[in-house]
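See structure below.
Letters go in sequence order (proteins before strands), and every chain restarts at 1. Values below: every heavy atom of this structure, side chains too, minus hydrogens, waters and symmetry copies.
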There are 2 protein chains.
Amino acid sequence: MAGIRDVAAYAGVGVGTVSRALNHTGYVSKEAREKIEEAVKVLNYHPNELARNLYRNRSGMIGVIVPDLENPFFAKFLKCTEIELYKNHYKAVVCNTVEISNRVEELIDMMNQNVLDGLIVGVDPPPGLNLEKIRKPIVSLDRNWGSCIPVVTSDNKKGGALVANALIEAGCRNVLMFESKIQTEQPFDVRAREVKRILKEHDVSFVGADIDWNMLSYEYYLKVVEKYLLIFDRVDAVYAGDLIASACIAIAARKGIRIPEELKVIGYDGLEISKLTVPTLTTVKQDIPQMAKCCVDTIIRILNREEDIPMMRVCDVELQQGGTI
Amino acid sequence: MAGIRDVAAYAGVGVGTVSRALNHTGYVSKEAREKIEEAVKVLNYHPNELARNLYRNRSGMIGVIVPDLENPFFAKFLKCTEIELYKNHYKAVVCNTVEISNRVEELIDMMNQNVLDGLIVGVDPPPGLNLEKIRKPIVSLDRNWGSCIPVVTSDNKKGGALVANALIEAGCRNVLMFESKIQTEQPFDVRAREVKRILKEHDVSFVGADIDWNMLSYEYYLKVVEKYLLIFDRVDAVYAGDLIASACIAIAARKGIRIPEELKVIGYDGLEISKLTVPTLTTVKQDIPQMAKCCVDTIIRILNREEDIPMMRVCDVELQQGGTI
DNA sequence: ATGAAAGCGCTAACAT
DNA sequence: ATGTTAGCGCTTTCAT
């Protein structure tokens, strides 16, 4: 494995000249440059990025933590994030937290060990996290990690309002809501709060459904949706994330419940699957590419030591009209 | 940022002793060890992994290349691969090839630059690839990269037979197949070939559909499926990957075509979405976790310089019974 | 058992 | 414009 000294020797110059030639930094004569290029080719030389990293004290790697890649929301988020990072000459190191605990702490350690230059997190912070000791940037997707961690979120208030108003305009009186319980004070809690507020204002009653948010499988969703529809037989509408909403449409079809006549459904997220249901799912679409872009943009700006980094960036949402409401 | 010399100074020992203590290599007296542990805590010392990497000439990173994470097959594959890599103390650097060309070559360069210790590839090799110059392991998922690149595949022959036999037993006479054209001699071509062979044997006629495999969106699938069902109105069955098969079920529902009475559908892959269609999709399920495990296991064994690495590992498939055939 | 010292392969400051 | 040299922070001989 040829090193820079081999190249220097072969080209008959010093290592400094080689380094300058390769990095396009400082002056290098035409002859020297040509001899070096020749040597590089002959010796099949590739600069050892590890040595560069050590010197520069950066790895060019950003960790991206998501709960579960099987969830299409996070798969798409990672896809978009990876592409944005690539545009900024960074690589994405991926981490699923599902099935394994303590992974977040480990990735934070990797930052301290200089293996990662930063972290984009789509998961809750680990309990008892001490942000003091972290010297590298973290950007969060829709979670509160602390006052000094920038958050990229989508317009949950508008999203909640879109949901509530759609339900009200459709004349729903009894809504079954699959929503996370408001307890951890996360940005997306705003959404459920807004939905409930507006529904109350219009005297629409609703009931929350309690599900295990760590279970990601349609079989589980189908079971849960079926159970709840049985329990609450007066329900005339369901509001849930797209995956559960889709499960709901499937259950309705199997039970002969007509949508939207007998049961209205409104989803949230605007995932691909919303196009596939029959009828297509009316849902509030989050701009995942935009959220990914904001996350990457923010972390890059911190890495570049820019000033006035916004601590909160809110991406737009829009109603994607379907046939379920 | 405290370094190993700071720890050594604080503990009143040499750097060598600190290194040995931290790595549990060589002898270190109890007293020294305790003083060092104390120093590590006080100074909040984290060993710089970059320096270690340089010395050891490894990064602990494996690149995983997939066409598109929005495809649930690859999302799940990456998820499982990441978890398996983690168990082996490696990290996964992810790369979508969609939207950007030349990414494979770049990741290969990263191997030569010691940033990646190996590559797991779920994409075709770039044209004109020269394997000679690659000195680090590559393992491929279901693609031929060359005779010296191990391949992990699933039992495409059995899978094809399961499809064909299911179609025959259901009495289909005219099958519309959404399958990749056999031209690149990839392992998964065996599947289509086997389906066709058995169908011919039983005098079942079939017609292939030509679609743009780089387009991944349900809206596109829906459009294409609709077009083909119109063109071939004598078709009584469709065979396609789960995503297209699901689109097909949606189209049928919208057009009032009863499944399975008027049109039978059989999918391939066994993705989550197969549980969600109405009726549930009959499909051939690939064992994605097992394939991921084989890929990781193989690359780890090469990295560990083990002997007798199998050049081809075939994972089992099984028929997942649904209601579409 | 431990400290000193020589690298790992590169970059950049410095002297020429 | 270019060669020499001192690190980047660690691991590992090699004496002691």
Inset, instruction - State which residues pass side-chain contact (heavy atoms from CB on, under 4.5 Å) with A:D287; sequence neighbours excluded, sorted by chain then number. - result: A:P289, A:Q290
Legend entry - Angle by which the axis turns from one end of the helix from C:dA1-D:dT16 to C:dT16-D:dA1 to the other, five pairs per end, to 10 degrees: 50°
Legend entry - Listed once per pair and sorted, the salt bridge (charged side-chain N to carboxylate O under 4.0 Å, His left out) pairs that draw on residues 4-31 of chain B, sequence neighbours left out: none
Legend entry - Side-chain ion pair, B:K35 and B:E38, N-O less than 4.0 Å: no
Identify every side-chain donor-acceptor pair in residues 69-76 of chain A under 3.5 Å, counting partners at least two apart or on other chains, and give the distances.
residue : atom : partner : partner atom : Å
A:E70   : OE1  : B:K79   : NZ           : 2.7
A:N71   : OD1  : A:F73   : N            : 2.9

Inset, instruction - Examine D:dA1: is either OP1 or OP2 under 4.0 Å from a nitrogen or oxygen in the side chain of A:S29? Give yes or no. - result: no
Legend entry - side-chain contact (heavy atoms from CB on, under 4.5 Å) partners of A:I100, counting only residues at least two apart: A:R103, B:I83, B:Y86
Inset, instruction - Round to a whole Å and report the spacing from CG of B:N53 to C1' of D:dC8. - result: 14 Å
Legend entry - Proximity to DNA chain C (any heavy atom under 4.0 Å), residues of residues 30-39 of chain B only: B:A32
Inset, instruction - Go through the structure and list residues passing side-chain hydrogen bond (donor to acceptor under 3.5 Å, both in side chains) with A:T97, not counting sequence neighbours. - result: none
Legend entry - Sugar-phosphate or base contact per nucleotide [nucleotides 8-16 of chain C; S, B, -; heavy atom under 4.0 Å]: BBSBBB---
Legend entry - Residues forming a side-chain contact (heavy atoms from CB on, under 4.5 Å) with A:D297, sequence neighbours excluded: A:R301, A:R313
Inset, instruction - Return the set of residues passing side-chain hydrogen bond (donor to acceptor under 3.5 Å, both in side chains) with B:Q113 (not counting sequence neighbours), or none when no residue passes. - result: none
Inset, instruction - Sorted by first residue and then second, give each salt bridge (charged side-chain N to carboxylate O under 4.0 Å, His left out) pair with at least one member in residues 137-146 of chain B; sequence neighbours left out. - result: B:D124-B:R143
Inset, instruction - Quick one: which residue pairs count as a salt bridge (charged side-chain N to carboxylate O under 4.0 Å, His left out) with a foot in residues 39-49 of chain B, not counting sequence neighbours? - result: B:E49-B:R52
